[in-house]
Amino acid sequence: MNRCIELGTTLDALPLAEYKALSPVFEEDVYAAIDLLTCVSQRSIPGGPAPQTVAAQIEDVLSKI
């Protein structure tokens, strides 16, 4: 986001007022939605980084050894 570059900050440190300037629908829950662990755990597609997906990939590889 260009605004983060302008302010020298990151999305998770961007004040809520900055989000609300983009859209009034932003609330405090935006921080939970952009949390790194949330983003990783929600990517549960084949080959994705979600813990359950990685565990399944490891199990698959080990079953072929």
Side-chain angles (χ1 to χ4, degrees):
M1 173 181 230
N2 287 340
R3 188 66 177 144
C4 288
I5 294 169
E6 291 171 5
L7 296 174
T9 190
T10 58
L11 288 173
D12 60 328
L14 196 64
L16 184 58
E18 293 289 337
Y19 283 101
K20 286 189 171 284
L22 295 171
S23 172
V25 301
F26 281 112
E27 295 295 338
E28 285 288 335
D29 62 346
V30 68
Y31 298 108
I34 64 172
D35 178 72
L36 181 59
L37 292 177
T38 300
C39 292
V40 169
S41 66
Q42 295 298 314
R43 297 193 54 209
S44 59
I45 59 171
Q52 67 272 20
T53 305
V54 173
Q57 292 171 32
I58 291 170
E59 186 177 318
D60 182 52
V61 168
L62 291 176
S63 72
K64 296 176 182 176
I65 296 177

Exercise. Of all heavy-atom pairs between S41 and A50, which one has the smallest distance, and what is that distance?
Worked result: O-CB, 3.4 Å

For this session: Please check if the side chain of Y19 supplies one atom and the backbone of E28 the other of a donor-acceptor pair under 3.5 Å.
Result: no

For this session: Mind checking the CD-NZ spacing from E59 to K64? Nearest 0.5 Å is all I need.
Result: 11.5 Å

Exercise. For C4, does its backbone N or O pair with a side-chain atom of T9 as donor and acceptor, under 3.5 Å?
Worked result: no

Problem set entry | Candidate list V30, V25, D29, test side chain to side chain contact (heavy atoms under 4.5 Å, CB included), partner E27, passing option | D29

Seminar exercise, completed: One should read off an interatomic distance between L11 CG and D35 CG, to the nearest 0.5 angstrom, of 12.0 Å

Problem set entry | Backbone N/O of L14 and side chain of Y31: donor-acceptor pair under 3.5 Å | yes

For this session: Please report the shortest heavy-atom distance between Q52 and S44, naming the atom on each side.
Result: NE2-CB, 3.4 Å

Exercise. Heavy-atom count around E6 CD within 6.0 Å, excluding the residue itself: above 12?
Worked result: yes

Problem set entry | Path from L62 to V54 over hydrophobic side-chain contacts below 4.5 Å | yes

Exercise. Can you tell me how far CD1 of I5 sits from OG1 of T10, rounded to the nearest 0.5 angstrom?
Worked result: 12.0 Å

Exercise. Should L22 and I34 be counted in the same cluster of Ile, Leu, Val, Met, Phe, Trp and Tyr side chains packed under 4.5 Å apart?
Worked result: yes

Exercise. Is a donor on one side and an acceptor on the other found under 3.5 Å between the side chain of S23 and the backbone of K20?
Worked result: no

For this session: Heavy atoms only: give me the nearest A33-C39 pair and the separation to one decimal.
Result: O-SG, 3.8 Å

